[in-house]
Amino acid sequence: CQQCHVSRGTESDQGYHNYLFHTGKFAEKGLRIRANPQGQGVVNTIGAMNGFRVPAHMKGPLDTFWKIRDSEGYILDYPNGPRS
């Protein structure tokens, strides 16, 4: 939420986008936006959970921990998918 960001500095840009999309705020402004399943479409948003708020057992690099990078460094669709 915006107040969370203002008062606590919570990083949540994806949350803001999700809110605007799912509440129709983009459409109200005439923007035609669609969501695609993970790994499809022209943009594939990825991320590794490495922030200080993330529990230690959920942190790690994309290649060795999450296993979503191949030997050439390409991102793979999760889980065990082809190159994204």
Side-chain angles (χ1 to χ4, degrees):
C1 73
Q2 188 171 4
Q3 271 314 107
C4 295
H5 182 72
V6 171
S7 64
R8 297 189 318 224
T10 302
E11 305 87 4
S12 59
D13 63 322
Q14 188 64 50
Y16 294 143
H17 293 116
N18 290 346
Y19 169 80
L20 295 170
F21 176 79
H22 290 290
T23 60
K25 301 294 184 191
F26 285 132
E28 288 174 10
K29 297 296 181 184
L31 299 172
R32 293 178 11 175
I33 309 244
R34 73 173 184 190
N36 294 298
Q38 178 66 32
Q40 298 179 18
V42 297
V43 174
N44 186 7
T45 302
I46 62 160
M49 294 178 31
N50 285 320
F52 67 90
R53 291 183 190 88
V54 178
H57 73 280
M58 296 179 72
K59 290 184 181 185
L62 295 174
D63 50 359
T64 57
F65 184 82
W66 291 103
K67 310 232 184 301
I68 60 168
R69 286 183 73 181
D70 68 13
S71 61
E72 295 179 49
Y74 287 92
I75 300 297
L76 306 173
D77 288 345
Y78 183 84
N80 305 317
R83 285 182 178 173
S84 184

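If you're wondering where the values come from, they're calculated on a predicted model, not measured in any experiment. Keep in mind that the numbers below use all heavy atoms, side chains included, and drop hydrogens, waters and symmetry copies.
- Nearest heavy atom pair, residue Y19 against residue K25, reads OH-CE, 3.9 Å.
- Contacts classified as salt bridge (charged side-chain N to carboxylate O under 4.0 Å, His left out) and involving residues 65-76 (residues at least two apart or in different chains) are given here: D70-R83, E72-R83.
- By the 6.0 Å contact criterion, CZ on F26 is enclosed, its count of non-hydrogen atoms from other residues, nucleotides or ligands being greater than 12.
- In the hydrophobic cluster analysis, where Ile, Leu, Val, Met, Phe, Trp and Tyr join through side-chain heavy atoms closer than 4.5 angstrom, I68 is grouped together with F65.
- When hydrophobic clusters are built by joining Ile, Leu, Val, Met, Phe, Trp and Tyr residues whose side-chain heavy atoms come closer than 4.5 Å, directly or via intermediates, Y16 is not grouped with L31.
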